[in-house]
Amino acid sequence: MTEGTISAATEGGDTLTRLEQEGEIAADYLEGLLDIADLDGDIDMDVEADRAAVSIISDTASRDLQKLVGRDGEVLEALQELTRLAVHRETGDRSRLMLDIAGFRARKRTELAELGAKTAAEVKSTGEPVKMNPMTPFERKVVHDAVAAAGLRSESEGEEPQRFVVVLPA
């Protein structure tokens with residue numbers, strides 16, 4: 001191994017360790033939250049796409065966890081921000097942690113990927129750009145990825161909370 005390869009491998013290991021630490025901090029914070037709210041759920045941690053990913057899951061089809069998702073994921077988004085702040089407080093570093101509750105984000109990711117692919121197909125057939133409805137940053141990222149996978153490009157336009165994706169012809 002060359003010196004550069006060793007340092008890159010060490011750096012990769014350091015990143016993984018840091019992301020695992022973020023997940024641990026987030027899990028502790030969320031376990032405390034579940035205890036306070038008297039809700040049942042298990043915490044699952046992973047590292048996906050250079051981000052710590054933490055999920056709250058339940059063995060039962062409990063509607064209790066749906067309270068933590070809220071309407072259109074609004075409570076989930078707020079809890080994700082609070083969890084990121086808890087990680088920041090402990091580490092001093094900004095976190096890009098992703099939180100999922102009861103599989104909401106996973107289902108949403110699948111729906112949005114399908115929507116992005118469908119919109120890309122529409123743009124390919126008409127040759128006209130398509131403006132989509134306003135989306136959260138997470139939603140826009142999923143759509144951008146789906147459009148890129150379809151061989152087209154897309155851009156985000158507008159100001160939060162009305163920021164939206166425009167899918168452009170090739």
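FYI, the numbering just counts along the sequence from 1. This structure is a prediction, so every number in the text was calculated from the model and none was measured.
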>> Less than 3.5 Å apart, any donor N or O on the side chain of Ser154 or His144 sitting next to an acceptor on the other?
In response: yes
>> Side-chain heavy atoms nearer than 4.5 Å, only ILVMFWY residues, links allowed to pass through others: does that put Leu112 and Phe104 together?
In response: no
> Got Pro169 and Pro129 here, is their nearest side-chain heavy-atom distance under 4.5 Å?
Replying inline: yes
>> Are the side chains of Asp100 and Gln80 in contact, using a 4.5 Å heavy-atom criterion?
In response: no
> What residue among Glu90, Arg84, Glu81 forms side-chain contact (heavy atoms from CB on, under 4.5 Å) with Ser95?
Replying inline: Arg84
> If you look at every heavy atom in Leu76 and Leu99, which pair is closest and at what distance?
Replying inline: CD1-O, 3.6 Å
>> If we ignore hydrogens and angles and just use 3.5 Å, is the side chain of Asp145 paired with the main-chain N or O of Ala149 as donor and acceptor?
In response: no
> Which atoms form the tightest heavy-atom contact between Ala86 and Ile25, and what is the distance?
Replying inline: O-CG2, 4.0 Å
> Looking only at heavy atoms, what is the nearest atom pair of Pro161 and Pro134, with distance?
Replying inline: O-CB, 3.9 Å
> How many angstroms lie between CD in Gln21 and CG in Asp93, if you round to the nearest 0.5 Å?
Replying inline: 8.5 Å
> Hey, are the side chains of Met45 and Glu22 touching, using non-hydrogen atoms and a 4.5 Å cut-off?
Replying inline: no
>> I'd like to know if Arg163 pairs up with Glu139 as an ion pair, taking the criterion as any Lys NZ or Arg NE/NH1/NH2 lying under 4.0 Å from an Asp or Glu carboxylate oxygen.
In response: no
> About how many Å separate CD of Glu20 and CG of Asp46, when rounded to the nearest 0.5 Å?
Replying inline: 9.5 Å
>> Using side chain to side chain contact (heavy atoms under 4.5 Å, CB included), reason through Leu152 and Val167 one step at a time and then give a plain yes or no.
In response: CA-CA 7 Å; Leu152 295 181; Val167 181; 4.2 Å; yes
> For Gly151, does its backbone N or O pair with a side-chain atom of Lys124 as donor and acceptor, under 3.5 Å?
Replying inline: no
> Are more than 12 heavy atoms from other residues, nucleotides or ligands located less than 6.0 Å from atom CD of Glu159?
Replying inline: no
>> If you apply the rule side chain to side chain contact (heavy atoms under 4.5 Å, CB included), what do you find for Val123 with Glu128, and how did you get there?
In response: CA-CA 6 Å; Val123 169; Glu128 296 294 320; over 6 Å; no
>> Please say yes or no: joined through hydrophobic side-chain contacts below 4.5 Å, possibly via intermediate residues, are Val166 and Val142 part of one cluster?
In response: no
> Within a strict 4.5 Å, meaning less than it, do heavy atoms of the Leu68 and Leu34 side chains meet?
Replying inline: yes
> Does a side-chain heavy-atom distance below 4.5 Å link Lys67 with Val75?
Replying inline: no
> Do Leu168 and Val147 share a hydrophobic cluster (ILVMFWY, side-chain heavy atoms under 4.5 Å, transitive)?
Replying inline: no
> Does CG belonging to Asp35 count more than 12 external heavy atoms closer than 6.0 Å?
Replying inline: yes
> Does NZ or CZ of Arg105 fall inside the cone over Phe138's six-membered ring, less than 6.0 Å from its centre and within 45° of the axis?
Replying inline: yes
>> I'd like to know if Asp14 pairs up with Arg18 as an ion pair, taking the criterion as any Lys NZ or Arg NE/NH1/NH2 lying under 4.0 Å from an Asp or Glu carboxylate oxygen.
In response: no
>> For the backbone of Gly116 and the side chain of Thr119, can you confirm whether one donor and one acceptor N or O come within less than 3.5 Å of each other?
In response: no
> With a 4.0 Å cut-off, would you call Arg51 and Glu48 a salt bridge?
Replying inline: no
> Can you tell if the side chain of Phe164 reaches within under 4.5 Å of the side chain of Asn133, non-hydrogen atoms only?
Replying inline: no
>> Going by side-chain contact (heavy atoms from CB on, under 4.5 Å), Ile101 matches just one of Leu30, Val54, Ile56. Which one?
In response: Ile56
> Do you know which two heavy atoms are closest between Leu65 and Ala102, and how far apart they sit?
Replying inline: CB-CB, 4.2 Å
> Is it true that Glu111 and Arg107 make a salt bridge, defined as a side-chain N closer than 4.0 Å to a carboxylate O?
Replying inline: no
> Nearest heavy-atom pair of Leu19 and Asp50: which atoms, and what distance?
Replying inline: CD1-C, 3.7 Å
> Atom CG in Leu79, atom CG in Leu82: separation rounded to 0.5 Å?
Replying inline: 6.0 Å
> Okay, side chain of Ser55, backbone of Ile57: is any donor-acceptor separation there less than 3.5 Å?
Replying inline: no
> Using 4.0 Å as the upper bound for N to carboxylate O, is an ion pair formed by Arg153 and Glu155?
Replying inline: yes
